[in-house]
Amino acid sequence: MKVVRCIPLILLASLIGCEATTFEKPPLAEAVCDRQLIGDWLTVADPGSNDTAGEGELQIDKTCRLIAIDHKQDKTGAKTTQTSDATKLHVGHDGAQRYIWVYAAWAFRFAQSDQASPAGDITVLRYAIDVDQLALSMTNDRAIAHHIIDGDLQGDLHKVDGALFNRLTGVVTPEQLRSKVAFKNKPARFSRSATGITK
């Protein structure tokens with residue numbers, strides 16, 4: 001049974017890869033849409049990787065509506081495009097740290113996962129913007145699993161065909177988000193497209 005499509009690019013690498021952590025409730029109060037996020041963002045290929053710049057695309061408009069696009073090329077060289085449904089991108093701040101979240105069901109659906117997230121759950125990412133560069137840090141799901149096992153975080157975890165899925169239940173406080181909810185050190189990187197949306 002296919003658990004999830006493991007893609008080393010675009011938002012999916014951050015939202016729902018071969019491992020995932022969902023939150024029952026947002027860990028922060030929602031802020032207004034961050035105007036720095038508005039635009040068309042294209043993935044930046046890591047040096048030495050097989051990825052191609054621009055394979056992944058994020059379109060964010062002034063209402064914080066997000067559309068994710070996966071530009072693919074098959075073995076014959078034919079190019080295909082997978083476009084997500086539009087979804088609301090939520091933003092929250094904790095001091096200098098900035099976070100975004102979307103409904104997990106949207107991410108699982110776009111990742112073509114056979115798993116279903118609990119209704120209403122969200123996936124959370126930490127982000128940073130430097131001029132026209134966007135970095136999205138995904139949750140460190142194995143570190144979070146250890147915190148659940150140790151009782152530092154309230155939640156459930158299970159494995160399906162070797163894939164790890166965490167669910168943080170109840171309220172995750174901003175302090176826990178800072179100290180217990182780990183995010184990976186290597187973020188997914190995007191560059192703002194000069195010809196992308198600005199509305």
Side-chain angles (χ1 to χ4, degrees), residues 1-28 30 37 41-43 51 55-61 63-72 74 80-92 99-127 134-149 153-172 177 181-184 186-190:
M1 179 178 71
K2 179 183 69 175
V3 175
V4 70
R5 196 163 54 111
C6 301
I7 309 174
L9 54 89
I10 197 181
L11 186 65
L12 299 188
S14 306
L15 290 180
I16 174 68
C18 299
E19 300 174 348
T21 295
T22 65
F23 292 63
E24 184 180 20
K25 298 177 182 178
L28 298 165
E30 185 172 358
L37 286 168
W41 300 92
L42 302 175
T43 48
D51 299 339
E55 283 186 326
E57 182 177 355
L58 306 178
Q59 296 179 349
I60 304 170
D61 70 13
T63 66
C64 255
R65 187 184 71 147
L66 166 68
I67 294 174
I69 303 172
D70 188 5
H71 302 283
K72 295 173 284 190
D74 63 23
T80 61
T81 299
Q82 177 190 354
T83 302
S84 75
D85 299 330
T87 192
K88 173 72 173 177
L89 185 68
H90 303 268
V91 178
Y99 299 88
I100 57 175
W101 61 89
V102 295
Y103 282 112
W106 175 88
F108 276 62
R109 186 168 59 251
F110 187 48
Q112 299 179 359
S113 173
D114 286 340
Q115 296 298 302
S117 66
D121 273 23
I122 60 169
T123 55
V124 177
L125 295 88
R126 191 167 59 199
Y127 77 96
L134 169 66
L136 291 177
S137 297
M138 67 189 86
T139 51
N140 186 330
D141 305 306
R142 292 187 180 273
I144 291 171
H146 284 296
H147 281 300
I148 293 173
I149 292 168
L153 289 170
Q154 181 181 340
D156 306 307
L157 59 106
H158 65 281
K159 282 190 173 183
V160 180
D161 293 342
L164 176 67
F165 292 90
N166 301 318
R167 184 184 190 223
L168 294 176
T169 56
V171 175
V172 175
L177 193 63
V181 179
F183 289 84
K184 292 187 176 177
K186 187 177 180 181
R189 298 192 178 277
F190 299 78

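Residue-environment remark: NE2 (His146) stays at or below the threshold of 12 foreign heavy atoms within 6.0 Å.
One distance of note links CG of Leu89 with CD1 of Ile67; it measures 12.0 Å at 0.5 Å rounding. Taken from OH in Tyr103 to CZ in Phe108, the straight-line distance is 15.5 Å, to the nearest 0.5 Å. To the nearest 0.5 Å, atom CG of residue Leu42 and atom CD of residue Glu55 are 11.5 Å apart. In this structure, CG on Asp141 lies 3.5 Å from OG1 on Thr21, to the nearest 0.5 angstrom. One distance of note links CG of Asp121 with NZ of Lys25; it measures 11.0 Å at 0.5 Å rounding. Arg126 contributes atom CZ, which lies 13.0 Å from atom NZ of Lys184 (distance to the nearest 0.5 angstrom).
Listed here is the closest heavy atom pair of Trp101 and Gly92: CZ3-N, 3.5 Å. Looking at every heavy atom in both residues, Ser117 comes nearest to Ala105 through OG-N, 3.3 Å. Scanning both residues, Ala135 and Arg189, for their nearest heavy atoms gives CB-NH1, 3.7 Å. Of all non-hydrogen atoms in Thr43 and Phe190, the two that sit nearest each other are CG2-CE2, 3.4 Å. Heavy-atom minimum distance, Lys88 versus Thr63: NZ-O, 3.2 Å. Residues Gln59 and Ile69 approach most closely at NE2-CD1, 3.5 Å, considering heavy atoms.
Counting only heavy atoms from C-beta outward, the side chains of Leu37 and Leu134 approach each other to under 4.5 Å. You'll find the side chain of Val181 stays beyond 4.5 Å of the side chain of Pro27, heavy atoms only. Under the 4.5 Å side-chain criterion, counting only non-hydrogen atoms from C-beta, Pro118 is in contact with Arg167. Side-chain contact between Ser84 and Leu58: absent, with no pair of heavy atoms (C-beta onward) separated by less than 4.5 Å.
Under the side-chain contact (heavy atoms from CB on, under 4.5 Å) rule, Leu168 has a single partner from Ile144, Asp156, Thr22, which is Ile144. Put simply, the residue from Ile122, Thr87, Thr123 that forms a side-chain contact (heavy atoms from CB on, under 4.5 Å) with Trp106 is Thr87.
The backbone N or O of Val172 sits nowhere less than 3.5 Å from a side-chain atom of Glu24 that would complete a donor-acceptor pair.
The aromatic rings of Tyr99 and Phe183 lie tilted to each other, with the angle between the two planes from 30° to 60°.
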